[in-house]
Amino acid sequence: MPTMSEPETPPFRYTAALANEIEPRWQAYWAENGTFHAPNPAGELADPDHPRHGAPKLHVQDMFPYPSGAGLHVGHPLGYIGTDSYTRYKRQAGFNVLHPMGFDAFGLPAEQYAVQTGTHPAVTTAANIERYRGQLRRLGLAYDERRSFATTDPEYYRWTQWIFLQVFNSWFDPELRKARPIETLIAAFESGEKKAPEKDWADMSAIERRKLIDDHRLAYVSEAPVNWCPGLGTVLANEEVTPDGRSERGNFPVFQRSLKQWMMRITAYGDRLVEDLDTLDWPEPVKLMQRNWIGRSRGAHVDFTVGDDVITVFTTRPDTLFGATYMVLAPEHELVDKITPVEWPNPTNPKWTGQAASPREAVAAYRAQAAAKTEEERTESKDKTGVFTGAFATNPVNGAKVPVFIADYVLAGYGTGAIMAVPGQDERDWQFAEVFELPIIRTVAAPEGFEGAFTGDGPAVNSDWLDGKGVVEAKAEMIAWLEQHGHGRGATTYRLRDWLFSRQRYWGEPFPIVYDETGLPVALPDSMLPVVLPDVDDFSPRTFDPDDADSEPETPLSRKKDWVNVELDLGDGLKTYTRETNTMPQWAGSCWYELRYLDPDNEKALVDPDNEAYWMGPRRDGDSGGVDLYVGGVEHAVLHLLYARFWHKVLYDLGHVSSFEPFRKLFNQGYIQAYAFQDERGFYVPAEEVVERDGKWFYGDQEVTRSYGKMGKSLKNVVTPDEMCDQYGADTFRVYEMAMGPLDVSRPWETRAVVGSQRFLQRVWRLVIDEETGAVRSSDTPLDAKTRKHLHRTIAGVREDMDELRFNTAIAKLIELTNALTPLPEASREAVEPLVLMLSPFAPHLAEELWAKLGHEGTLAYTTFPVADPAQLVAESITYPVQVNGKVKARVSVTPDTPEADIRAEALSAVADALSGRDPKKVIVVPGRLVSVVV
RNA sequence: GUCCCCGUAGCCCAAUCGGCAGCAGGCAAUGGACUCAAAAUCCAUACAGUGUGGGUUCGAAUCCCACCGGGGACACCA
């Protein structure tokens, strides 16, 4: 115990200097004693002697950071301090707490830095991680450091690769709605239980069989339209492309190209990803964003015939089929060329032709026009454009001939890329019909006088056998009719696309895949993992002129020929194979890290099942299991959380985990933002030197304008936790961040307000320590009754606030208690010790120091959090305000157990003057609150 | 354009179920004590009627409707 043997401890005030002496000392103590190690039920991290062995568990996790070169600013650790305070409290409250931290260290910035400087990304990354660790340690964050890792560690990404192989070696069985090992599919084909689409399994060649199987894998190679970004030299996932068709990172143009890429069949999980949201304790807006992103819609596929061809449309409103007066195909639809005749039918409305001499010319011109537009231009103008193809389709319900158009308001990538247009019930179709003078038939009765497309519910009209039925019923009957007559079938579509999983980058996980002489992929066996990322001389993918759409990707790994070409024995004897030279996207490592914390050193499995079941297993029927509390920003509402859920479900299906969701409860912390100031020329000036005078802001003598937003170097408004630790100490900084508002609310940083938290800690310090002599001044005198009640009220309130993550109000209650104790002649231990314990989640170093000074041995981390005495929570009397017609006219004081009738009587006599003889019409007694009299 | 979240003292924020808007708390301000003076500390004081307008109710910051302002998401998804 370093603190016990230092009589020369400066006996002064709790200052930044003192804090900076205390804090590293306790950080060292915690590290040396492994204070925050959490015991596992099994394996190397098990510890039967641990004070929390066998206690109820709690797994709390933060979204781990990408260790950037810029280090942390004061906004970053907000959530970390929140979870640290929460878990310190829960640990004291008796839980076995797992609170780990790691690093998401693959990614573009380190690679781009490497390209610029030649420094290996591994070197940059390691240095950045060290810096982060130092910054986090300085804040006193209580992590189990044995469980920390980076996604770039080969021992970690070995398991990322292993999970990839699990995904690769699985298929999605639509009957069971789950992933199953690929062998079960092969067996099904072999036994004839499942039929191959084109010819019998028995008649297929080995290569044909492999291709068929590969087409069913959850990870597959696909020649598919992808987002090719020449400026970055890589392809991007849809999610990484901005709505105006540029790369989210770097803002380069992105082009649609057909390229061979790895995909993950996340769409197979669309239903479960939607449905299981209901089991999760997540903020509603995040669930909503996921639902919207997945975009499941139910409806029907309907077949329209055009000559000898069949065009299938997707509609969510099969009930309106009688109102389909035309059809629209996306300009890119594959049947457009085939159905377009040589000449315009006679007659043809001149508005339909785009002034072209023939349908083919019109189609070609319109396509060129559509292709020239960016995605943004296409969606920005809501004016409907399009052109008639010259072809007519047959409406299957009534045999009506309807004209077929192409128009860019129909998207090639959604549904079937073709729609039946029902202007009477769809606003977009209505607008198009107005422009092109197409007939409008209402099939749902609209209210009297209603103009435009009616999308609400109502009885069907003009719809033969559906007439009179409501929308829901009519939909069901139409789907049944379509299926019965072979014109269509019920269908569900998703906005969600399969996940593009390969990147032409260096700094990512290599795929555990090689190609044989057939060019088909072959999985490496587990025994060959990890496939270590080799050193290369040049880290950059070949980049191109950002506008060169026809360039071809060339990966950094592909240039390393001695690595790419390998001789391996994969069961067919020694053969030459070619390695996959793409790497995985940055999301891969963060898709499963919550599991690795549970069992970080396990070499036999990604996580021991006992450990997984203990920390993350379901607790009751229907419970998804998962991390008990996951804290991070809303910016990950869709991508990271969706991908992680997907992988987790695959692992669940294959029996590797017992939980079917990774994160049971999600909490979005707010952001700390800051003001930035610009001078007349628009240059940013250092924010900390700007002063306010009369509602205006000045930098020196110069007036500057204020804006509010992120902290950033270029905005010259960054404040770092290190500066705060220097100026005030980590505890003051922690208390300030937790006190300045609720954790989920964003707020502006204000350095000059930090001093308030410092003063509070100084007052607490002064309750225990004599500032002149350094002696402990707390007494053993019992508290007076009033203060004792205040203490227990505070304990009860703080516990409640802590459980609900309301740290700001918990701290306010502690300040209030401190302010009540300060003027007392003696600082009684009866109050001071609980106060120190309750403060310890927020100001752990100060609390440990005071706890030691008060004569306790070792750390307080496992000392029971104060418990309120219920007897002390009962008020001696309750004062009821008495309202007459909403205005407070009197107050009556009664004991808490006074019956309602007596309260009523007392109240009425108290306001007898105000009533002046009138009879009360109504008297409302709200127990514990007030009495309201109405006359 | 649609959807979601948020508007309470100069500022950051409190206020179970609708029940006395603040001895919840902090910053800043003002006055005082201490000091040669200042800082720090301590004590005290003032400041809003809850963005606006309606409605429901005995009673609305809280529930409903419309509008205004700020933030976020999606954006022709058939």
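Chain naming here is simple, since letters A, B, ... match the order of the sequence lines and numbering starts at 1 in each.
In this structure, A/Thr443 and A/Asp319 have side chains that are not in contact, with every pair of non-hydrogen atoms separated by 4.5 Å or more.
OP1 and OP2 of B/rC76 both lie 4.0 Å or more from every side-chain N or O belonging to A/Gln431. Between A/Asn808 and B/rG26 there is no side-chain polar atom (N or O) within less than 4.0 angstrom of OP1 or OP2. Residue A/Arg766 has a polar side-chain atom (N or O) positioned under 4.0 Å from OP1 or OP2 of B/rC42. Between A/Arg763 and the phosphate of B/rC42, there is a side-chain N or O to OP1/OP2 separation shorter than 4.0 Å. Side-chain N/O atoms of A/Arg291 include none lying less than 4.0 angstrom from OP1 or OP2 on B/rC74. At least one side-chain nitrogen or oxygen of A/Arg759 sits closer than 4.0 Å to the OP1 or OP2 atom of B/rU41. The shortest distance between the side-chain N/O atoms of A/Ser297 and the OP1/OP2 oxygens of B/rA78 is below 4.0 Å.
Checked against the 6.0 Å centroid criterion, the rings of A/Tyr326 and A/Phe436 do not qualify as a close aromatic pair. Separation of the A/Tyr728 and A/Tyr736 ring centroids does not fall under the 6.0 Å cut-off.
If you check the side chains of A/Glu816 and A/Thr794, you find no donor sitting under 3.5 Å from an acceptor. When only modelled atom types and interatomic distance are considered, A/Tyr494 and A/Ser297 share no side-chain donor-acceptor pair under 3.5 Å. When only modelled atom types and interatomic distance are considered, A/Thr822 and A/Asn819 share no side-chain donor-acceptor pair under 3.5 Å.
Without hydrogens or angle criteria, A/Thr325 side chain to A/Pro439 main chain gives a donor-acceptor distance under 3.5 Å.
Residues forming a ring-ring contact (aromatic ring centres under 6.0 Å, His included) with A/Tyr675 (at least two apart in sequence, or on another chain): A/Tyr708.
On a pure distance criterion of 3.5 Å, a polar donor-acceptor pair joins the side chain of A/Arg891 and the base of B/rC20.
Among the nucleotides B/rC27, B/rC20, B/rC13, the one closest to the side chain of A/Val745 is B/rC13.
A/Val634 comes within 4.0 angstrom of no nucleic acid atom, judged by non-hydrogen atoms across all strands. Counting non-hydrogen atoms under 4.0 angstrom, A/Ile419 reaches a base of the nucleic acid. Nucleic acid contact for A/Pro283: none, since no nucleic acid atom lies under 4.0 Å from a heavy atom of the residue. Within the nucleic acid shown, A/Asp429 has no heavy atom closer than 4.0 Å to any nucleic acid atom.
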Which pairs, protein N/O on one side and nucleotides 3-9 of chain B N/O on the other, fall under 3.5 Å?
none

Pick out the pairs of N or O atoms, protein on one side and nucleotides 57-61 of chain B on the other, that lie under 3.5 Å.
| from | atom 1 | to | atom 2 | distance (Å) |
| --- | --- | --- | --- | --- |
| B/rC58 | OP1 | A/Lys922 | NZ | 3.4 |
| B/rC58 | O2 | A/Ser932 | OG | 2.7 |

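Separating the CG atom in A/Asp426 from the CD atom in A/Gln431 is a distance of 9.0 Å, to the nearest 0.5 Å. Between the CG atom in A/Leu666 and the CE atom in A/Met63 there is a gap of 5.5 Å [rounded to 0.5 Å].
Of the residues near RNA chain B, A/Ser746 and A/Pro927, the one whose nearest nucleotide (by heavy atom distance) lies more toward the 5' end is A/Ser746. Mapped onto RNA chain B by nearest heavy atom, A/Gly417 and A/Gln762 fall at different nucleotides, with A/Gln762 at the one closer to the 5' end.
For the C1' atom pair drawn from B/rG51 and B/rG70, the interatomic distance equals 11 Å after rounding to whole Å.
In this structure, B/rC17 is classed as syn because its glycosidic torsion stays within 90° of zero.
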